[in-house]
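Structure record follows, encoded as structure tokens.
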Amino acid sequence: MSELTSDFLKTVTERGYMHQCTGLEDLDKRAASGVVTAYIGFDCTAPSLHVGSLLPIMMLRTLQKTGHKPIVLMGGGTTMVGDPSGKDESRQLLTEAVIQSNMDSIKTVFSKFLTFGDGPTDAVMVNNADWLKSLNYIEFLRDYGPHFTINRMMTYESVKMRLEREQPLTFLEFNYMIFQAYDFLELNRRMGCALQMGGSDQWGNIVNGVELTRRVAGKEVFGLTTPLLTTASGAKMGKTAAGAVWLNAEQLSPYDYWQYWRNTEDADVGRFLRLFTELPLDEVARLEALEGADINEAKKILADEATRMCHGEDAAKAARETAQKTFEQGQLGADLPTVDVPRAEFDTGIPAFAALVRAGLCTSNGEARRLIQGGGGRVNDAAVSDPNQAITAADLNADGVVKLSAGKKRHALLRSL
């Protein structure tokens with residue numbers, strides 16, 4: 001194909017966001033000649049999105065910064081159905097009250113990355129429950145059912161994977177891809193939306209929407225997907241041994257968020273700097289070329305930039321200072337996760353395994369016991385060999401806190417009340 005001319009698609013390609021795209025040359029021409037309105041959908045299955053959703057959010061940010069209009073589509077309707085893509089089994093069905101609560105919590109993160117308003121390139125947020133909940137089922141089937149064949153739907157990876165593993169795929173879930181296609185048509189009608197973006201696992205659903213809009217409305221629209229991200233060691237983005245890496249500070253502290261990026265594998269540093277920061281590409285090239293211990297400086301810059309974007313400058317600075325005190329100066333950083341414990345419990349003694357769970361460093365007593373038996377549990381930087389070793393008032397420092405560690409990189413404080 002000819003060289004890309006639009007700032008949006010050039011940036012998307014240079015920074016590694018591009019995986020697949022329908023009608024790439026036509027989309028490039030449209031993006032070069034005027035404002036393109038594009039959307040990404042986010043279902044409301046938890047009170048926060050996690051790092052796995054950060055790539056789509058960065059796509060919307062890139063879209064806006066290159067002169068186009070982002071739509072954040074909240075899945076108030078589709079969450080009631082559940083997306084089968086990439087799932088071995090059916091999602092747990094949520095009540096409308098839980099979905100609404102999750103949506104209210106999720107919304108807050110987008111204002112960190114996008115500028116909302118009434119201008120031609122200002123972002124807007126809509127909820128697909130506004131049109132999906134009012135559909136007449138028989139009319140909907142008559143109008144749109146003929147545009148979807150079971151034959152083709154059976155070829156989608158989300159369907160094939162479930163059937164190959166002999167896991168049930170409900171009729172409810174089968175409707176999800178139809179509703180997602182209809183979302184694109186509806187957004188095209190209401191707001192002139194011409195582009196749907198999403199992860200590579202959404203390719204089939206996105207193509208459905210492109211084709212439905214062309215057939216029903218006679219409009220040329222486009223689909224673009226990002227690569228499915230895994231770390232260099234093959235782990236899925238957004239998951240750690242301690243659980244999901246949430247974007248909301250209520251679910252994960254800015255310090256722990258900073259630490260997640262600081263602990264990036266060496267082989268991922270350059271790629272993550274391109275995808276999750278806005279550093280110039282020549283600076284990214286310089287940082288990813290660092291070797292040995294010097295690559296740690298690049299990881300700190302990655303952590304600073306990613307945390308600043310998600311939680312603000314002050315939070316990023318505080319997280320870095322806390323990490324520096326904790327790891328480089330042997331002090332206790334003020335921003336380490338802290339759990340308050342009644343003084344009486346220190347007087348009687350808290351078993352080390354129970355303290356690790358209390359501090360959030362382990363999710364169960366069994367996990368904590370295994371950590372200690374494997375040599376990974378520490379109290380005030382001293383290794384613990386007995387899971388039942390008591391942590392008492394004698395372990396508290398002058399500020400009334402005791403430092404607990406799981407391995408070399410995860411720390412928390414218990415504070416006496």
Side-chain angles (χ1 to χ4, degrees), residues 37-61 63-64 69-87 90-118 122-135 172-173 175-191 193 195-199 201-202 205-206 209 226 237-239 243-254 257 309-312:
T37 301
Y39 89 96
I40 298 178
F42 299 86
D43 279 344
C44 312
T45 55
S48 171
L49 300 174
H50 60 66
V51 164
S53 297
L54 191 55
L55 190 57
I57 294 173
M58 290 298 293
M59 281 286 287
L60 289 175
R61 182 178 171 90
L63 180 90
Q64 185 171 52
K69 187 177 186 70
I71 300 174
V72 177
L73 177 65
M74 303 303 295
T78 42
T79 306
M80 299 178 70
V81 176
D83 184 3
S85 301
K87 299 294 176 183
S90 300
R91 291 181 186 270
Q92 179 183 355
L93 294 181
L94 305 177
T95 66
E96 290 189 52
V98 170
I99 291 171
Q100 185 61 53
S101 175
N102 287 345
M103 189 186 310
D104 292 341
S105 180
I106 287 170
K107 284 179 178 179
T108 58
V109 78
F110 289 100
S111 60
K112 311 280 184 65
F113 293 87
L114 301 170
T115 300
F116 286 84
D118 299 322
D122 286 342
V124 295
M125 184 175 288
V126 295
N127 181 357
N128 62 13
D130 291 347
W131 54 82
L132 293 180
K133 287 184 67 175
S134 61
L135 290 174
L172 176 69
E173 294 172 288
N175 277 270
Y176 186 95
M177 57 190 77
I178 301 177
F179 287 141
Q180 184 169 330
Y182 182 72
D183 282 345
F184 199 174
L185 173 64
E186 193 68 26
L187 287 172
N188 180 263
R189 287 169 166 167
R190 292 178 177 226
M191 308 179 70
C193 183
L195 172 64
Q196 180 183 175
M197 301 185 291
D201 61 331
Q202 296 296 314
N205 291 338
I206 291 174
T226 59
M237 280 288 292
K239 300 288 185 182
V245 182
W246 301 109
L247 301 184
N248 283 27
E250 295 79 10
Q251 275 69 41
L252 186 77
S253 72
Y257 189 78
M309 202 175 293
C310 190
H311 294 294

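We find the CG-OG distance between Asn248 and Ser253 to be 12.5 Å, quoted to the nearest 0.5 Å.
Side chains of Leu187 and Trp131 form a contact here, defined as non-hydrogen atoms less than 4.5 Å apart. Between Gln251 and Pro47 there is a side-chain heavy-atom pair separated by less than 4.5 Å. When side chains are defined from C-beta on, Thr45 counts as touching Thr79, because their heavy atoms get closer than 4.5 Å.
Gln180 and Gln196 share a side-chain donor-acceptor pair at under 3.5 Å.
Note on residues 69-78: no pairs pass salt bridge (charged side-chain N to carboxylate O under 4.0 Å, His left out), not counting sequence neighbours.
Remark: Phe179 engages Phe140 in a ring pair (Phe, Tyr, Trp, His ring centres under 6.0 Å) (not counting sequence neighbours). Considering only residues two or more places apart in sequence or on other chains, Lys133 meets the salt bridge (charged side-chain N to carboxylate O under 4.0 Å, His left out) condition with Glu96. Not a single side chain to side chain donor-acceptor pair (under 3.5 Å) links Thr37 to another residue, sequence neighbours left out. By the side chain to side chain donor-acceptor pair (under 3.5 Å) test, Asn175 is found to be paired with no residue, residues two or more places apart in sequence or in another chain being considered.
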- Message: Show, in sequence, the C-alpha distance, side-chain angles and deciding distance for Phe110 and Met74, and conclude whether the side chain to side chain contact (heavy atoms under 4.5 Å, CB included) test is met.
- Response: CA-CA 11 Å; Phe110 289 100; Met74 303 303 295; 4.2 Å; yes

- Task: In sequence, state the C-alpha distance, the side-chain angles, and the governing distance for Phe42 and Val72, and then conclude on side chain to side chain contact (heavy atoms under 4.5 Å, CB included).
- Result: CA-CA 8 Å; Phe42 299 86; Val72 177; 4.0 Å; yes

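Closest approach of Ile40 to Met197, counting heavy atoms only: CG1-O, 3.3 Å. Looking at every heavy atom in both residues, Asp130 comes nearest to Arg190 through O-NH2, 4.4 Å. Closest approach of Ser48 and Leu247 over heavy atoms only: OG-N, 3.3 Å. Between Asp43 and Leu49 the shortest heavy-atom distance is O-CD2, 4.4 Å. Residues Gly209 and Phe184 share a closest heavy-atom pair of C-CD1, 3.7 Å. When every heavy atom of Leu114 is checked against every heavy atom of Pro70, the shortest pair comes out as CD2-CG, 4.3 Å.
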May I have the list of side-chain donor-acceptor pairs in residues 122-129 shorter than 3.5 Å, sequence neighbours left out?
unit_1	atom_1	unit_2	atom_2	d
Asp122	OD2	Asp118	N	3.3
Asp122	OD2	Gly119	N	2.8
Asn127	OD1	Gly76	N	3.0
Asn127	OD1	Ala129	N	3.0
Asn128	OD1	Gly76	N	3.2
Asn128	OD1	Gly77	N	2.7
Asn128	OD1	Thr78	N	3.4
Asn128	ND2	Thr78	OG1	3.0
Asn128	ND2	Asp183	OD2	3.0

